[in-house]
Amino acid sequence: MELPKEYDYNAIEEKWMDTWQDSMYYFDQNSQKPGFIIDTPPPYPTGNFHIGNALNWCYIDFVARYKRMRGYNVMFPEGWDCHGLPTEVKVEELHGITKSQVSREEFRRLCVELTTKNIERMRNSLRRLGFSIDWSNEYITMEPEYFGKTQRSFVQMYANGRIYQQNHPVNWCPRCETAIAFAEVEYDSRETVLNYLNFDELKIATTRPELLAACVAVAVNPEDERYRDFVNTEIKVPVFGHKVRVIADKSVDPAFGTGVVMICTFGDKQDVRWWVDHGLPLRRALDKTGKMTAIAGKYAGMSTEECKKTIIEDMKIAGTLYRQEKLDQNVGLCWRCKTPIEILSERQWFVRIISDEILNTANEVAWVPDYMKVRLENWTGTMEWDWCISRQRIFATPIPAWYCTKCGRAKVAKEEWLPLDPTQVQPPEPCECGFSGFKGEEDVLDTWMDSSISALHVCGWLSNRNLLLPAQLRPQGYDIIRTWAFYTILRSKALLNIKPWETILLNGMVLGEDGHKMSKSRNNFVVPEEVIKKHGADAFRQWAAIGGTTGSDIIFSWKDVVAGSRFLQKLWSIFRFSLPHLSDEPAPFTPVDLWLLSKLNRLVKDAIEKMDAYQFDETFKAIRGFAWEILADNYIELAKSRLYGEGKGKKAAQYTLFITMETLTRLLAPFLPYFSEEVHSYLNQGSVHLQAWPEVDGSLINEEAEAMGEQIKEIAAAIRRYKSENGIALNAPLNGIELYSSITDASDIAGAANTEIRLKTGTPDIEVVPVEIRPNMKNLGKTYRSKARPIAEAFKDVDPVPAGSENIEIEVEGEVLTIDPSCFTVIKEMHVKGKAVDILAVGNATIVISR
RNA sequence: GGGCCCGUGGUCUAGUCGGCUAUGACGUCGCUCUUACACAGCGGAGAUCCGGAGUUCGAAUCUCCGCGGGCCCA
């Protein structure tokens with residue numbers, strides 16, 4: 001059978017993608033094998049699978065395929081986190097409408113339609129990348145089967161007091177017109193203006209004069225001598241004329257501005273703290289769209305910016321504003337639309353955060369890499385408010401609650417009524433007050449409420465099968481530790497009091513080739529489809545494996561992808577050479593065979609250790625190094641003459657090559673699913689992905705065999721180098737080689753050198769001259785400490801010839817020391833005694849080549 | 001402003017519970033089409049391991065300070 005010379009990745013990958021059956025990767029509910037459930041991140045169905053996702057999925061797939069081969073019953077589910085603002089925005093854009101122009105149901109229908117289309121596109125990308133996804137465990141959060149669970153989780157947490165409703169200041173995006181959680185606030189530094197105002201008898205400095213109407217107090221530091229007499233007096237707010245109290249609070253910085261600060265409801269988070277601490281009243285100057293309210297008088301209806309501009313002008317004219325200076329400040333922005341957020345007090349639903357519960361659970365989970373846990377701890381430590389889970393949007397899980405139109409009381413649904421949309425259906429029982437008229441809750445849930453039960457869902461929660469929580473693995477990016485990881489732990493504990501997973505595996509961010517975050521504006525954006533088109537999925541997966549250490553950021557690099565495709569070609573060439581020579585018939589091994597098999601078994605052992613520690617780069621590099629350097633560059637070169645000849649070692653080489661190729665194929669399977677399947681199809685029946693991981697044959701790991709093989713390899717390499725340096729063709733015979741060594745079988749060397757080799761014992765007829773004594777600092781330092789360096793220096797002056805390999809007596813700092821041979825190495829050179837030969841020294845062996 | 005990670009040949013990178021000649025890839029230079037592979041093989045050049053101080057017989061590796069980069073956050 002003649003294989004094509006070039007590895008046609010495209011044809012082969014497409015072929016296997018069409019051949020493979022989804023059922024190969026189904027999780028078996030009735031299996032006796034140990035389970036391995038992966039809490040795969042459900043991506044947002046934008047329609048395009050991002051390269052960062054692709055990296056993460058590569059990691060997941062390496063683990064899933066490896067664990068399957070190691071005998072686990074693996075579940076690698078695929079979820080889709082459908083709800084959220086980006087889809088709403090996209091739908092408005094596509095149809096040229098705003099959400100208020102159509103009914104809620106119609107708008108929702110359009111969102112579902114778009115999402116369904118996007119999911120279908122992304123499924124294709126996932127398949128093409130060769131991910132062994134269990135499609136029987138796919139979940140889609142916008143479907144009633146899933147969001148019904150989100151709603152039931154809401155009801156359960158309401159029942160156990162973890163969810164409550166309250167009027168509380170929340171972060172508010174005036175553009176999206178919704179509340180958002182702290183986790184969704186981004187910060188950016190901007191330049192703003194600090195305005196100095198005459199405030200009755202005081203002078204204050206503020207960056208937000210437009211909130212003057214919302215001023216509820218003025219604060220000074222209690223230590224500040226300048227203002228001591230004003231504390232607890234009332235002063236008049238300029239422009240609006242209402243009176244506010246002067247309060248003392250030690251968190252006021254006397255050095256900032258005038259040392260007097262106005263407190264508004266609400267300019268920023270600090271205002272909220274003061275507002276709570278001092279029990280201040282609420283003055284609402286902003287509405288939900290970010291426009292000024294009636295209390296802003298003539299400024300009512302203006303946007304904050306218009307109001308700011310106008311009021312500054314007015315105050316300048318009135319002489320209220322007497323000074324302005326520039327100030328750098330950090331502004332909170334909505335992470336989706338980058339609009340500066342406001343803080344509004346509204347009735348919202350909250351989830352109670354219990355920091356200790358999160359921290360304790362985080363400690364029960366293994367973090368890979370471990371330093372990532374600190375990020376969760378730091379975030380948890382900064383939580384000031386509970387998690388606001390209500391959103392004023394449409395495309396999301398409806399909050400299953402109603403308000404009685406008579407008494408206003410909130411009625412939360414019973415679990416058995418779910419799933420439902422309270423704006424579409426009425427509760428089947430009356431309010432506690434006896435009245436039966438209800439208005440459905442129009443607020444919906446934060447999408448993290450959907451995705452934070454993913455672990456529970458895939459583990460069988462609220463399904464008619466066994467609950468298998470905790471899952472074994474949560475793979476995710478470190479950028480969503482404060483959200484997805486945090487919320488998942490919270491919910492798993494709140495609902496079931498079980499940790500969600502045993503291990504969390506963090507992947508880094510993919511950076512563009514310029515070392516910066518990939519973004520369209522930087523023009524460093526690469527999509528997986530482009531890479532696959534140019535070099536195939538197996539090459540892409542190699543970049544993911546070796547691009548960087550697990551958890552660290554990894555720079556996308558075309559070079560690495562190209563190197564990956566070259567390795568595929570190299571492997572293909574190895575296989576193409578090997579195929580006609582393979583035999584599964586055992587035969588007695590030669591030293592070189594034993595050397596290869598020892599290396600191979602060591603590799604398998606190594607790979608298990610590294611894969612178990614999620615060190616994909618190390619694993620793949622070890623396998624690649626074995627295939628390229630040990631197998632291709634050395635073993636094949638050495639065994640070639642046996643394979644082409646008809647001698648007694650032929651069968652052993654064929655058998656060794658068979659074992660090696662077969663094992664190597666299985667080791668490569670998690671990384672190169674397409675390539676390994678192709679090769680496997682020539683060697684065995686069935687899919688390589690249903691095979692077991694290679695066993696380690698400990699009896700074949702043998703130091704002596706390795707040392708012997710290593711020496712043979714070194715000798716062959718030395719002869720090859722000799723030919724290369726002397727301009728002799730590599731296949732040209734030499735006049736003759738004498739080999740002085742402990743080697744008993746030099747047939748492979750002879751074959752590789754294409755020269756007859758005479759084996760000799762003892763010493764050749766040459767002079768061995770010690771030329772240098774080189775210190776062994778490790779031993780020397782341990783023994784002689786501060787004298788180590790002078791001793792090393794003194795070695796230079798010792799005559800190496802009589803020194804031999806015995807103890808050396810040396811005088812250092814007036815003291816005579818006896819240094820034993822473990823502290824130094826005698827370097828020798830060989831000199832010819834009047835013969836026309838060249839001498840090569842390799843370890844203890846000496847090669848004498850007749851010219 | 002805080003936290004986390006990082007700074008190693010031209011480029012990217014391994015190594016970091018201290019120890020001899022610092023790993024590999026790409027690039028580069030030279031030789032070679034050797035019955036698997038020129039997308040290759042063989043050989044070479046190329047590194048004050050960011051700077052400074054300290055600990056130590058000995059530091060890329062540990063400690064401190066500084067500079068620079070990235071990310072997450074306030």
Side-chain angles (χ1 to χ4, degrees), chain A residues 3 5-7 182-183 185-187 189 268-270 328 330 332 369 371-379 381-382 384 477-483 506 508-509 511 513 515-517 535 539 542-543 546-549 551-581 615 617-618 621-622 624-625 628-629 631-633 636-637 640-641 643-644 717 720-732 752-754 774-792 823-825:
Chain A
L3 299 180
K5 195 165 171 176
E6 273 188 28
Y7 179 67
F182 270 116
V185 180
E186 238 175 53
Y187 292 83
S189 56
D268 61 17
K269 214 167 133 186
Q270 184 58 44
D328 288 323
N330 286 306
Y371 59 77
M372 288 291 181
K373 187 168 77 180
V374 182
R375 297 188 179 202
L376 182 92
E377 289 169 345
N378 290 341
W379 172 249
T382 65
E384 283 188 62
Y478 66 67
D479 55 332
I480 49 174
I481 288 174
R482 70 194 168 117
T483 47
L506 283 312
M509 300 296 112
L511 306 176
E513 291 210 278
H516 291 275
K517 205 174 186 173
H535 301 284
Q542 285 181 71
W543 159 77
I546 61 173
T549 316
S552 66
D553 286 346
I554 135 167
I555 294 182
F556 178 77
S557 148
W558 282 107
K559 239 169 37 184
D560 284 352
V561 178
V562 171
S565 73
R566 285 196 189 153
F567 179 52
L568 286 172
Q569 178 58 48
K570 182 74 187 181
L571 282 169
W572 184 246
S573 299
I574 293 169
F575 181 60
R576 188 165 161 264
F577 165 80
S578 305
L579 189 58
H581 298 295
Q615 294 173 321
D617 57 330
E618 300 255 342
K621 279 177 188 169
R624 188 178 65 177
W628 206 310
E629 281 128 42
L631 176 61
D633 291 352
I636 288 180
E637 291 305 324
K640 237 177 206 175
S641 65
L643 290 165
Y644 282 124
R720 215 186 303 161
R721 204 176 307 126
Y722 171 83
K723 286 184 175 178
S724 173
E725 280 166 8
N726 291 283
I728 301 165
L730 288 182
N731 61 346
N754 194 21
R774 194 174 288 173
N776 183 343
M777 290 312 291
K778 190 169 184 171
N779 288 336
L780 199 61
K782 268 184 196 154
T783 318
Y784 295 99
R785 296 279 144 186
S786 60
K787 291 201 185 89
R789 181 162 283 186
I791 293 169
C823 294
F824 60 87
T825 312

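Order of the sequence lines fixes the chain letters, A, B, ..., with proteins taken first and strands second; residue numbering starts at 1 for each chain.
With C1' as the reference atom, B:A60 and B:G19 are 13 Å apart, rounded to whole Å. With both ends at atom P, the span from B:A22 to B:A45 equals 12 Å, rounded to whole Å. Taking atom P in both B:C67 and B:G27, one finds a spacing of 38 Å when rounded to whole Å. Comparing B:C49 with B:U21, their C1' atoms are spaced 15 Å from each other, to the whole Å.
If you check every strand for non-hydrogen atoms under 4.0 Å, A:Glu6 touches a base. Counting any heavy atom pair closer than 4.0 Å across all strands shown, A:Asp617 reaches no nucleic acid atom. No contact: A:Tyr784 has no heavy atom under 4.0 Å from any strand.
Counting heavy atoms from C-beta outward, A:Ile546 and A:Arg624 have side chains that approach closer than 4.5 Å. Using a 4.5 Å heavy-atom cutoff, the side chains of A:Phe577 and A:Ile636 are in contact.
In the set B:C72, B:A14, B:G41, the nucleotide with an atom closest to the side chain of A:Trp628 is B:G41. Nearest nucleotide to the side chain of A:Val374, out of B:G3, B:C72, B:A40: B:G3. Candidate nucleotides B:C71, B:G27, B:U13 were compared by shortest atom distance to the side chain of A:Arg566, and B:G27 ranks first. Candidate nucleotides B:C72, B:A14, B:C26 were compared by shortest atom distance to the side chain of A:Asp479, and B:C72 ranks first. If you check B:G24, B:C72, B:C12 against the side chain of A:Arg624, the one that comes closest is B:G24.
Pair check for B:C71 finds B:G3; Watson-Crick or G-U wobble, both atom distances under 3.5 Å. Across all strands shown, B:G51 forms a Watson-Crick or G-U wobble pair with B:C65, both key distances being under 3.5 Å. Pairing for B:A40 is with B:U32, a Watson-Crick or G-U wobble pair whose two hydrogen-bonding atom distances lie under 3.5 Å.
Residue A:Phe575 is the one, among A:Phe575 and A:Asp633, whose nearest nucleotide of RNA chain B lies closer to the 5' end (criterion: closest heavy atom). Toward the 5' end of RNA chain B, the nearer of the two residues A:Tyr371 and A:Arg576, judged by each one's closest nucleotide, is A:Tyr371.
Pairing each heavy atom of A:Asp479 with each of A:Met509, the nearest pair is OD1-CE, 3.2 Å.
Between the side chain of A:Arg375 and the base of B:C72, no donor-acceptor pair under 3.5 Å is found. Contact of A:Lys559 with B:U11 (side chain to base): a donor-acceptor pair of N or O atoms is detected under 3.5 Å.
Between the A:Gln569 side chain and the A:Lys5 main chain, a donor and an acceptor come within less than 3.5 Å of each other.
Remark: A:Lys5 is in phosphate contact with B:A38, judged by side-chain N or O atoms under 4.0 Å from OP1 or OP2. Put simply, A:Lys640 has no side-chain N or O that comes within less than 4.0 Å of OP1 or OP2 on B:U34.
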